[in-house]
Amino acid sequence: MSAARRTGQGGTRREGAPGAADRARRMHPAKRLVLGVVGGLLLLVGLALLVLPGPGMLLVLAGLVLLSRAVPAVARFEEPVRVRAMQGVEASVASPWRIAGTALAGLALIGAGVVWGARLVPRLPFGGWSTGSSLILSGLVLLGLLAWSYRRTHRA
């Protein structure tokens, strides 16, 4: 690039669109810390959910997106994970049986949350609304992700 194109009026260097590293350097350190911590937690939970039931790849992707905002070197891992996560999204709504099974699982989680929260069965371990509300929330997240996946893959 020529010196005339690099400098604006007065001989100062004119910058184009700032890159990810420039944005990260300009970001307030507290914001970088929060993005790093939240991204790291999402990444860890997502990694756990790769072997446990749940949307592991989507949480790994969300964690990497947040981490790449705070640490630009992490951005190189984002695209391969995005491709794999979107393959999982497409597979989750590939057939009516999978959609029905996922919807039933979400409704079962909500129902179990009500049973646990209201202590309708007295011998259930950890009875109460702390357990019940987490089950209900899990069911709602599952149904929300199912709806999002369906809309994303069946756009007309």
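Atom CG of residue Leu67 and atom CG of residue Leu41 lie 9.5 Å apart, to the nearest 0.5 angstrom. Rounded to the nearest 0.5 Å, atoms CD (Glu78) and CG (Leu66) are 9.5 Å apart. Considering CD1 of Ile110 and CG of Leu137, their distance stands at 9.5 Å, rounded to 0.5 Å. With rounding to the nearest 0.5 angstrom, the CZ atom of Arg69 is 11.0 Å from the CG atom of Leu64. Rounded to the nearest 0.5 angstrom, Leu142 CG and Leu107 CG are separated by 9.0 Å.
Residues Phe77 and Val71 fall within the same hydrophobic cluster, defined by Ile, Leu, Val, Met, Phe, Trp and Tyr side chains chained together at heavy-atom separations under 4.5 Å. Under the 4.5 Å side-chain heavy-atom criterion for grouping Ile, Leu, Val, Met, Phe, Trp and Tyr, Val121 is connected to Leu135 within one hydrophobic cluster. Note on Leu61: it does not cluster hydrophobically with Leu44, by side-chain heavy-atom contacts below 4.5 Å among ILVMFWY residues. In the hydrophobic clustering of this structure, Val74 groups with Leu50; members are Ile, Leu, Val, Met, Phe, Trp, Tyr whose side-chain heavy atoms approach within less than 4.5 Å, directly or through other members. If you chain together hydrophobic residues whose side chains sit under 4.5 Å apart, Met57 and Val141 fall into the same group.
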**Request:** Just do the side-chain contact (heavy atoms from CB on, under 4.5 Å) check on Arg82 and Val65 with the steps written out, would you?
**Result:** CA-CA 10 Å; Arg82 181 183 310 276; Val65 167; 4.1 Å; yes

**Message:** Could you walk me through whether Leu124 and Arg119 satisfy the side-chain contact (heavy atoms from CB on, under 4.5 Å) test, starting with their C-alpha distance in whole Å, then the side-chain angles of each, then the deciding distance to 0.1 Å, before giving a yes or no?
**Reply:** CA-CA 8 Å; Leu124 288 175; Arg119 296 182 185 197; over 6 Å; no

**Request:** Starting from the C-alpha separation in whole Å, work towards a yes-or-no answer on side-chain contact (heavy atoms from CB on, under 4.5 Å) for Leu58 and Trp148.
**Result:** CA-CA 12 Å; Leu58 290 176; Trp148 177 81; 4.3 Å; yes

**Message:** Leu49 vs Val60, test: side-chain contact (heavy atoms from CB on, under 4.5 Å). Steps then yes/no.
**Reply:** CA-CA 9 Å; Leu49 289 179; Val60 168; over 6 Å; no

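Side-chain N or O atoms of Trp116 include one that pairs as donor or acceptor with a backbone N or O of Pro125 at under 3.5 Å. At distances below 3.5 Å, at least one donor-acceptor pair connects side-chain atoms of Ser134 with backbone N or O atoms of Thr131.
The minimum heavy-atom distance linking Leu146 with Ile99 is given by the pair CD2-O, 3.8 Å. Of all the heavy atoms in Leu42 and Ala62, the pair that sits closest is CD1-CB, 4.1 Å. Nearest heavy atom pair, residue Leu35 against residue Ala70, reads CB-CB, 4.0 Å.
Using a 4.5 Å heavy-atom cutoff, the side chains of Val93 and Arg98 are not in contact. Side-chain contact check for Met86 versus Arg152: some heavy-atom pair is nearer than 4.5 Å.
When the side chain to side chain contact (heavy atoms under 4.5 Å, CB included) test is applied to Ala118, the partners found at least two apart in sequence or on another chain are Leu120, Trp129. With sequence neighbours left out, the side chain to side chain contact (heavy atoms under 4.5 Å, CB included) criterion links Gln87 to Val83, Arg84.
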